[in-house]
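Worth knowing before you read on, the calculation uses all heavy atoms, side chains too, and leaves out hydrogens, waters and symmetry mates.
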Amino acid sequence: MSGIVGLVNLAGAPVDRAILAQMTSFMTFRGPDAQEIWVGGNVGFGHTLLRTTDERQCARQPFTLDGHIWITADARVDAQSNLIAKLAARGEYVEHGASDAELLLRAYRTWGEDCVEHLLGDFAFAVWDGPRGRLFCARDQLGVKPFFYSHLGQTVIFSNTLDCIRQHPSVSDKLNDLAIADFLLFNLNQDSATTSFADIQRIPPAHRATWSAGGQRVSRYWTLPIDEPIYYKRADDYTDRFKELLDMAVDDRLRTNKIAIFMSGGLDSPALAATACKILRSRSPDTEVRAFTTLIDGLDQGERYYAGLVAERLEIPIHFRDRSERMIDPDWDKTVVHTPEPVGDPTNLAEDRKEWRSVAGHSRVLFYGEGPDNSLLYEWKPYILYLVRKRKFARLAADIGAHMIRHRRVPLLPTIPRMVKNWADQDRWRAPFPYWFNQSFESRMRLRERWEERENIRARLPLHPVRPDAYRSFHTPLWEALFRRMDAQETAAPVETRHPFVDLRLLRYMLAIPAIPWCRVKYVERRAMRGVLPASVLRRSKAPLTGDPTWEGARRQGLGSFSPVRTLAEYVNFDHVPTEVGSNMVLFQVNFRPLALNYWLQNSRRRPLKLVQEELRNEFDTKCRW
């Protein structure tokens with residue numbers, strides 16, 4: 001989780017070293033261990049280092065092999081042995097212990113702009129190719145690492161930190177009205193290439209960008225493949241392969257002897273904790289996995305009990321954060337917590353940052369278990385139809401038989417009542433079009449048309465013949481929003497969050513195993529964790545929160561005062577925004593967005609470097625132990 005920044009004057013004007021140094025210093029919160037800049041005429045790179053692994057103790061960036069091609073990167077390169085072998089086959093030999101930046105640079109020297117097609121991991125990096133006079137930048141396939149840029153005239157400014165780009169004097173504070181409209185309509189900007197600021201764009205996930213005297217070029221280099229279903233002869237082969245890939249995903253993301261994990265009492269994050277414990281303890285006795293669990297009594301259905309069972313079984317310490325009595329900060333609207341872009345729920349930002357400081361006090365690496373709820377979605381109907389279309393009746397009979405044996409039920413029968421209920425409840429969960437928009441803004445931006453158009457987006461997404469909903473779920477902006485929420489820009493803590501379940505090797509496998517019987521209640525994962533996690537946890541059904549904590553908290557204690565800032569009136573007629581919480585959760589969530597936007601607007605001012613550093617010193621005084 002290092003900080004990267006760069007300035008490139010395509011017309012040849014020299015880079016202002018003082019501005020580059022200031023922008024690099026701005027990112028000290030990302031990389032408190034070292035900061036360096038390199039300037040070569042019309043190009044300058046900056047880097048701040050956060051040490052999260054032993055082999056990076058001596059990693060220095062910006063980095064070059066020959067003084068002509070330079071790189072600055074925030075990256076973790078996975079499957080390194082495979083990449084090194086491929087490089088060696090092309091005559092590019094890599095010494096043992098090479099840093100991630102060196103591997104990326106050698107890959108670029110070998111394959112040029114196609115280097116990203118050979119990479120696994122989480123990365124955002126920029127390469128200045130002096131001989132070719134071009135800037136090459138890229139972002140990982142799912143967008144775990146952020147990458148922002150501003151192209152103003154003949155100057156390109158880039159960083160993995162949005163607020164860092166805002167430090168450049170040429171970048172304005174003008175807002176991107178369409179992104180703001182999307183936030184108010186959908187709670188998220190729907191365009192992965194833009195930000196909330198008109199002058200600042202982002203490279204979308206799985207894209208690369210090149211700037212040169214000939215102009216700018218942005219292109220997609222990867223799309224999640226649609227694989228045929230995987231079939232094995234033995235049931236154990238399914239779970240053995242799952243465990244093998246999970247081990248690989250966790251092992252590549254460890255590289256340290258001490259990690260933290262946000263652990264629920266469910267299945268996914270405990271599986272990560274168990275796998276991390278197994279791998280770390282096989283290396284050294286001097287290791288530690290510490291769990292952090294958030295509790296909301298009445299909504300989380302026994303989370304303390306089940307998470308405690310897992311911690312006891314794995315013999316790991318666990319820290320409970322109980323939000324039962326205070327689901328929202330009663331003074332949330334008076335707190336001053338800056339986020340780079342609007343967030344849907346700002347009611348606990350100050351408390352959340354305290355929790356991140358607690359995590360940082362233990363480890364600079366945090367594991368998060370999101371993934372299997374999507375990739376192991378139980379889609380029995382498309383799978384049956386697929387087998388019928390392919391006339392694979394023997395396979396259909398075998399899979400239904402295996403399902404009846406393992407789950408003691410026919411796939412279709414228990415699902416019918418739930419299908420009827422979901423159909424009956426579909427209108428209950430459908431959000432209405434907001435009636436509090438500024439009419440001029442609504443008309444100018446054609447928001448009703450955009451609202452209706454969003455209903456058709458789903459139909460245009462790539463269609464998977466066997467796992468359509470699971471596959472489509474990885475093509476929504478929700479994933480990038482999740483990664484962004486756990487990035488240091490949002491948390492203000494030197495902690496890098498890693499997501500093993502979206503490792504591309506494991507993700508593709510989970511999307512390819514037959515839904516019957518392996519996806520019902522995430523059976524392949526439950527079976528893989530037999531004897532590892534407590535039996536009561538493995539038997540436990542999926543237990544999501546039974547309500548919205550913000551809504552429940554607001555019903556208990558109200559939302560506080562609403563003092564709209566002047567800018568809000570450009571988007572919202574705040575006289576029409578209801579001040580009562582109401583009894584409809586979905587309607588509350590819609591009507592809360594103007595309040596969330598108002599909070600962001602009053603805290604989105606451009607902050608000078610000295611003020612930022614002072615705020616971070618006051619806010620974060622916990623030093624990580626290394």
Evaluate the side-chain proximity of [Y] to [X]: yes if any heavy-atom separation is below 4.5 Å, no if none is.
| X | Y | result |
| --- | --- | --- |
| Arg30 | Gln35 | no |
| Asp286 | Asn257 | yes |
| Arg485 | Asp345 | no |
| Arg527 | Asp236 | yes |
| Arg530 | Leu538 | yes |
| Leu267 | Tyr306 | no |
| Glu351 | Arg323 | no |
| Asn374 | Asp469 | no |

key: Derivation and outcome, side-chain contact (heavy atoms from CB on, under 4.5 Å), residues Glu355 and Asn348   = CA-CA 11 Å; Glu355 181 70 0; Asn348 275 297; over 6 Å; no
Can you tell me how far the [atom1] atom of [X] sits from the [atom2] atom of [Y], to the nearest 0.5 Å?
| X | Y | atom1 | atom2 | answer |
| --- | --- | --- | --- | --- |
| Ile516 | His407 | CD1 | NE2 | 9.0 Å |
| Phe501 | Asp268 | CZ | CG | 5.0 Å |
| Met27 | Gln489 | CE | CD | 10.0 Å |
| Asp487 | Leu482 | CG | CG | 11.0 Å |
| Arg498 | Arg253 | CZ | CZ | 8.5 Å |
| His475 | Leu142 | NE2 | CG | 9.5 Å |

Enclosure of Glu244 CD (heavy-atom neighbours >12, cutoff 6.0 Å) =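 Buried by this count: over 12 neighbours within 6.0 Å.
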key: More than 12 heavy atoms of other groups within 6.0 Å of Tyr231 OH   =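 Counting neighbours around OH of Tyr231, more than 12 heavy atoms of other residues, nucleotides or ligands fall under 6.0 Å, so yes.
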Under 3.5 Å, is there a donor-acceptor pair between the side chain of [X] and the main chain of [Y]?
| X | Y | result |
| --- | --- | --- |
| Asn603 | Tyr599 | yes |
| Thr335 | Val337 | no |
| Tyr238 | Tyr232 | yes |
| Asp227 | Leu511 | no |
| Glu379 | Ala470 | yes |
| Gln80 | Val77 | yes |
| Glu525 | Ala271 | no |
| Arg139 | Ala206 | no |
| Thr293 | Phe320 | no |
| Asp140 | Phe123 | yes |

task = Answer yes or no for Arg520 and Trp518: cation-pi contact, defined as NZ/CZ to six-membered ring centre under 6.0 Å and angle to ring axis within 45°.
result =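 Arg520 over Trp518 ring: no.
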Which pair of heavy atoms, one from [X] and one from [Y], lies closest together, and at what distance?
| X | Y | result |
| --- | --- | --- |
| Leu533 | Val310 | CD2-CG1, 4.2 Å |
| Pro270 | Ser264 | CG-O, 3.5 Å |
| Val495 | Ser363 | CG2-O, 3.9 Å |
| Pro146 | Ala124 | O-CB, 3.4 Å |
| His338 | Arg353 | O-NH2, 2.8 Å |
| Arg106 | Leu87 | O-CD2, 3.8 Å |

For the residue pair [X] and [Y], categorise the inter-ring angle as parallel (less than 30°), tilted (30 to 60°) or perpendicular (more than 60°).
| X | Y | value |
| --- | --- | --- |
| Phe242 | Tyr509 | tilted |
| Phe29 | Phe26 | perpendicular |
| Tyr368 | His499 | perpendicular |
| Trp332 | Phe592 | tilted |

Quick one about [Y] and [X] (side-chain donor to acceptor, distance below 3.5 Å, no hydrogens or angles considered), yes or no?
| X | Y | value |
| --- | --- | --- |
| Ser2 | Asp74 | no |
| Glu480 | Ser192 | no |
| Asp163 | Thr161 | no |
| His118 | Lys86 | yes |

ask   = Between Arg76 and Asp252, is a salt bridge (charged side-chain N to carboxylate O under 4.0 Å, His left out) present by the stated rule, with each step listed?
value = CA-CA 9 Å; Arg76 188 199 67 255; Asp252 274 340; over 6 Å; no
key: Intermediate values then yes/no, side-chain contact (heavy atoms from CB on, under 4.5 Å), Leu49 and Gln61   = CA-CA 8 Å; Leu49 175 66; Gln61 292 190 54; over 6 Å; no
query = Do Arg290 and Glu288 pass the salt bridge (charged side-chain N to carboxylate O under 4.0 Å, His left out) test, and can you show the C-alpha distance, the side-chain angles, and the key distance before you say yes or no?
reply = CA-CA 6 Å; Arg290 181 181 294 268; Glu288 184 179 327; 3.1 Å; yes
key: Residue that, paired with Arg467, satisfies side-chain contact (heavy atoms from CB on, under 4.5 Å) out of Pro229, Ser473, Cys519   =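 Output: one option passes, namely Cys519.
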query = Can you tell which of Arg364, Lys145, Met486 makes a side-chain contact (heavy atoms from CB on, under 4.5 Å) with Glu496?
reply =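 Option passing the side-chain contact (heavy atoms from CB on, under 4.5 Å) with Glu496: Lys145.
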request  = Could you tell me whether Arg508 and Asp503 make a salt bridge, using a distance below 4.0 angstrom between a side-chain N and a carboxylate O?
outcome  =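 Looking at Arg508 and Asp503, the cut-off is not met.
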key: Full working for side-chain contact (heavy atoms from CB on, under 4.5 Å) between Phe262 and Leu366   = CA-CA 7 Å; Phe262 280 166; Leu366 172 78; 3.7 Å; yes
request  = Determine, stepwise, if the pair Thr48 / Asp33 fulfils side-chain contact (heavy atoms from CB on, under 4.5 Å).
outcome  = CA-CA 7 Å; Thr48 62; Asp33 297 318; over 6 Å; no
ask   = Are Asp548 and Arg555 close enough, and set up right, to give a salt bridge (charged side-chain N to carboxylate O under 4.0 Å, His left out), and what steps lead you there?
value = CA-CA 11 Å; Asp548 176 6; Arg555 293 174 74 188; over 6 Å; no
inquiry  = Run Glu303 and Arg540 through salt bridge (charged side-chain N to carboxylate O under 4.0 Å, His left out) and show every step you take.
reply    = CA-CA 11 Å; Glu303 206 74 354; Arg540 187 187 185 201; 3.3 Å; yes
